[in-house]
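Here the structure comes first, spelled out in structure tokens, and everything after it is commentary.
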Amino acid sequence: MKLTILGGGGFRVPLVYGALLTDRAEGRVTEVVLHDLDAGRLSAVGRVLAEQAAAVPDAPTVTTTTDLDDALRGADFIFSAIRVGGLEGRADDERVALAEGVLGQETVGAGGIAYGLRTVPVAMDIARRVARLAPDAWVINFTNPAGLVTEAMSRHLGDRVIGICDSPVGLGRRIARVLGANPNEAWIDYVGLNHLGWVRGLTIAGRDELPRLLADPDLLGSFEEGKLFGVDWLQSLGAIPNEYLHYYYFNREAVRAYQHAEKTRGAFLADQQARFYDEVGAPGAKALDVWDRTRAEREATYMSENRETAGAGERDADDLSGGYEKVALALMRAIARDERTTLILNVRNQGTLSVLDHDAVIEVPCLVDANGAHPVSVAPLPDHATGLVCSVKAVEREVLAAAESASRATAVKAFALHPLVDSVNVARKLVEGYTSVHPGLAYLK
């Protein structure tokens, strides 16, 4: 079975390949094709993968290419993990937004919109090529903003593109652990959009244990989200929000923390990864050791400004292992082998949330089998969550419309309508700022 990874020179690719190395069952991936526009990055990641596979018999073969069409032909599965504009583009997204006093995070607020405007045209071109060159392939989208990009690609691929994110899975596992339960035996009632969802229940052996957690301040304050959001706020919500909702519920504090940080997250990662690729390319370098050390630093500093604002302290060791590659491999196995499972995924709504239309991509538990991912029926969201979901989905639709029409005015509208951008004049300045620094936005007229 052939797996193509778009963005194959990306730093997190060894996580995916490492997971593949543990899969010894029939119908496993035997061929991995890495595609990237940067041949140097492809070479560096290829060295890491070679060291990972050195002691593994029958490891999947790895080839690299900068030709997109060659990478797509014959693929059974395609992981899309591209970053249009690179980490330097992310740093620019943060800088332009913070200069106007609004959030520049890569998926939330102004930064997420800018990233989406750059990425959607490229993602739609990839989707059209997949439909032509690999019509039977399944596309698993890692690319952020994951919900928005998945919805853009679904306009050409329908339900054969599925978006994934490890945030809901990590949240569910943390809740289960603090309740003393096996995360693999828990049903997680999670509903929302990508990076905008809530756990409303966690059922173990037929009993919803979330009320027990919410009623115990000590227990509730003992894990990441309790520290991040505060016990009182979680009890007021009656749910546990995805960590990215900290940018909404504590927006002023988050913006202030980012403004006073020595470096934005994008700038930190750009510098860190530049060092990584340089080190891996040095004569005699142990590529896998360099990658492991860099990954540990990356994970430990994740959302550090938010945790500092909340006084949440350092991340727990159990939260430093990532997990998105495990979700992707579980999804791929379920489809390829018809090994039915349940995963929280980004898929088309299909009537699941009545406040959104059929084609709106949402993030919910799905039953997965050989025919793809099927969203599970869920109860309606409370009013406060419905309002936020509908507002952000409306912004995503304006981003899609701007990308399709190349309309600068529609791009301004997308920024202005976002709940974290509080002024049409600020929206206009953001579009001016972003188009001045990003060649990838030159299409907006």
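Both backbone and side-chain heavy atoms feed into the values below; hydrogens, waters and symmetry mates do not. Since the structure is predicted, the reported quantities are computational estimates derived from the model, not experimental observations.
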- More than 12 heavy atoms of other groups within 6.0 Å of E432 CD: no

- Message: Tell me whether D338 contacts the main-chain N or O of A370 through its side chain, where contact means a donor paired with an acceptor under 3.5 Å.
- Response: yes

- Message: Checking the side chain of R118 only, and the main-chain atoms of V84 only, is there a donor and an acceptor separated by less than 3.5 Å?
- Response: yes

- Task: Start with the C-alpha distance between K2 and D76, add both sets of side-chain angles, then the distance that settles salt bridge (charged side-chain N to carboxylate O under 4.0 Å, His left out), and finish with yes or no.
- Result: CA-CA 5 Å; K2 176 181 175 180; D76 297 290; over 6 Å; no

- Query: What distance separates L234 CG from Y249 OH, expressed to the nearest 0.5 Å?
  - Reply: 9.5 Å

- Task: Identify the heavy atoms of L430 and A97 that sit nearest to each other, and give their distance.
- Result: CD2-CA, 3.9 Å

- Task: State, to 0.1 Å, how close N194 and G147 come at their nearest heavy-atom pair, and which atoms those are.
- Result: CB-N, 3.7 Å

- Note on the structure: For G101 and Q259 the tightest heavy-atom approach is CA-NE2, 3.8 Å

- Query: Which of parallel (below 30°), tilted (30 to 60°) and perpendicular (above 60°) describes W291 and F11?
  - Reply: tilted

- Out of L103, V255, D93, which residue meets the side-chain contact (heavy atoms from CB on, under 4.5 Å) rule with L98? V255

- Query: Counting only N and O atoms by type, is there a donor-acceptor contact under 3.5 Å from the side chain of S154 to the main-chain atoms of E151?
  - Reply: yes

- Query: Counting distance only, does the side-chain N/O of T65 pair as donor-acceptor with the main-chain N or O of A71 below 3.5 Å?
  - Reply: no

- Item | Heavy-atom side-chain contact between I240 and L214 under 4.5 Å | yes

- Task: Using modelled atom types only, decide if a donor and an acceptor are shared between the side chain of Q52 and the backbone of P14 within a distance under 3.5 Å.
- Result: yes

- Which pair of non-hydrogen atoms, one from I162 and one from T150, has the smallest distance, and what is that distance? C-CG2, 4.2 Å

- Query: Of V108, D422, L420, which is the lone residue that meets side-chain contact (heavy atoms from CB on, under 4.5 Å) with N251?
  - Reply: L420

- When every non-hydrogen atom of V169 is compared with those of C165, the smallest separation belongs to CG2-O, 4.4 Å

- Item | Test item: R160 side-chain N/O and D136 main-chain N/O as donor-acceptor pair under 3.5 Å | yes

- Task: Check the pair E398, K413 against salt bridge (charged side-chain N to carboxylate O under 4.0 Å, His left out), reporting the backbone distance first and the verdict last.
- Result: CA-CA 7 Å; E398 295 298 336; K413 187 179 178 185; 3.3 Å; yes

- Is a donor on one side and an acceptor on the other found under 3.5 Å between the side chain of S80 and the backbone of T143? no

- So, are D125 and R129 salt-bridged, with charged N and O less than 4.0 Å apart? yes

- Message: What verdict does the salt bridge (charged side-chain N to carboxylate O under 4.0 Å, His left out) test give for D92 and R95, after you've listed the backbone C-alpha separation in whole Å, the side-chain angles of each residue and the deciding distance to 0.1 Å?
- Response: CA-CA 5 Å; D92 286 337; R95 179 178 56 78; 3.3 Å; yes

- Note on the structure: Which of R83, R90, H438 passes side-chain contact (heavy atoms from CB on, under 4.5 Å) with Y115? Answer is R83

- Message: Under a 3.5 Å distance rule, please check whether Y190 uses its side chain to pair with a backbone N or O of P365 as donor and acceptor.
- Response: no

- Task: Return yes if some donor-acceptor pair links the side-chain N/O of D208 with the main-chain N/O of T203 below 3.5 Å, else return no.
- Result: no

- Backbone N or O of V368 within a donor-acceptor pair of the T341 side chain at under 3.5 Å? no

- Note on the structure: In short, I164 meets A146 closest at the heavy-atom pair O-CB, 4.2 Å

- For the pair Y244 and Y247, name the ring-plane relationship: parallel under 30°, tilted 30 to 60°, perpendicular over 60°. tilted

